[in-house]
Student: 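Just dropping this structure here.
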Amino acid sequence: MRTEIENYNTIAKNLKKDYPKLSDFEILSLSIQIERNQILENGLVVSTSDKTPSGLESIGIALGYTDEQFKTTITDVLKEIVPKE
């Protein structure tokens with residue numbers, strides 16, 4: 001997970017330096033998309049490596065979801081956890 005989100009101005013400057021043939025519109029568009037993706041990466045707790053599970057995967061693992069239960073959904077696991085009346 002990314003701890004710091006780059007400002008789109010910083011991203012634009014780096015893009016302009018690395019890709020001088022891009023137009024200003026393309027650079028601005030890409031920098032805003034990159035910043036948005038970084039925000040989503042933080043918000044969804046997405047891991048940039050396969051060594052640690054993402055936020056949603058961690059929740060599923062904590063609820064008992066494994067690869068062996070391929071046909072079982074998290075909803076099914078939740079139904080099993082809730083006491084039956």
Side-chain angles (χ1 to χ4, degrees):
M1 183 175 87
R2 213 177 269 279
T3 56
E4 183 179 330
I5 297 171
E6 294 176 281
N7 186 327
Y8 75 92
N9 286 326
T10 305
I11 297 169
K13 287 177 187 176
N14 292 334
L15 286 174
K16 187 170 268 198
K17 182 175 55 174
D18 294 340
Y19 304 98
K21 291 186 178 182
L22 290 176
S23 69
D24 288 340
F25 175 78
E26 290 170 324
I27 289 173
L28 181 60
S29 178
L30 284 172
S31 62
I32 289 171
Q33 288 177 28
I34 291 170
E35 183 182 23
R36 183 197 65 217
N37 289 344
Q38 290 176 359
I39 292 168
L40 286 172
E41 183 180 328
N42 270 0
L44 296 174
V45 194
V46 177
S47 175
T48 55
S49 71
D50 289 337
K51 293 181 181 180
T52 56
S54 69
L56 293 176
E57 287 174 328
S58 297
I59 292 168
I61 291 168
L63 292 172
Y65 185 81
T66 63
D67 287 340
E68 296 167 2
Q69 300 169 331
F70 185 74
K71 293 183 179 180
T72 305
T73 64
I74 291 178
T75 306
D76 294 334
V77 174
L78 288 172
K79 287 178 183 176
E80 291 175 11
I81 292 173
V82 174
K84 297 177 182 176
E85 295 180 18

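These figures come from a predicted structure and were not determined experimentally. The first residue of the sequence shown is numbered 1, and numbering continues consecutively from there.
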Student: Which residues pass the side chain to side chain donor-acceptor pair (under 3.5 Å) test with Lys13, sequence neighbours left out?
Tutor: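 Side chain to side chain donor-acceptor pair (under 3.5 Å) list for Lys13, sorted by chain: empty.
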Student: Excluding sequence neighbours, so at least two apart, what forms side chain to side chain contact (heavy atoms under 4.5 Å, CB included) with Asn14?
Tutor: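 Once residues adjacent in sequence are excluded, the partners of Asn14 under the side chain to side chain contact (heavy atoms under 4.5 Å, CB included) criterion are Glu6, Thr10, Lys17.
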Student: Where is the tightest heavy-atom contact between Ile11 and Glu35, given as atom of each residue plus distance?
Tutor: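 So the minimum-distance heavy-atom pair works out to CD1-N, 3.9 Å.
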Student: Just list the side-chain donor-acceptor pairs under 3.5 Å for residues 22-34, sequence neighbours left out, or say none.
Tutor:
unit_1 : atom_1 : unit_2 : atom_2 : d
Ser23  : OG     : Glu26  : N      : 3.2
Ser23  : OG     : Glu26  : OE1    : 3.3
Asp24  : OD1    : Lys16  : NZ     : 3.0
Glu26  : OE1    : Ser23  : N      : 2.8
Ser29  : OG     : Gln33  : NE2    : 3.3
Ser31  : OG     : Ile27  : O      : 3.1
Ser31  : OG     : Leu28  : O      : 2.9

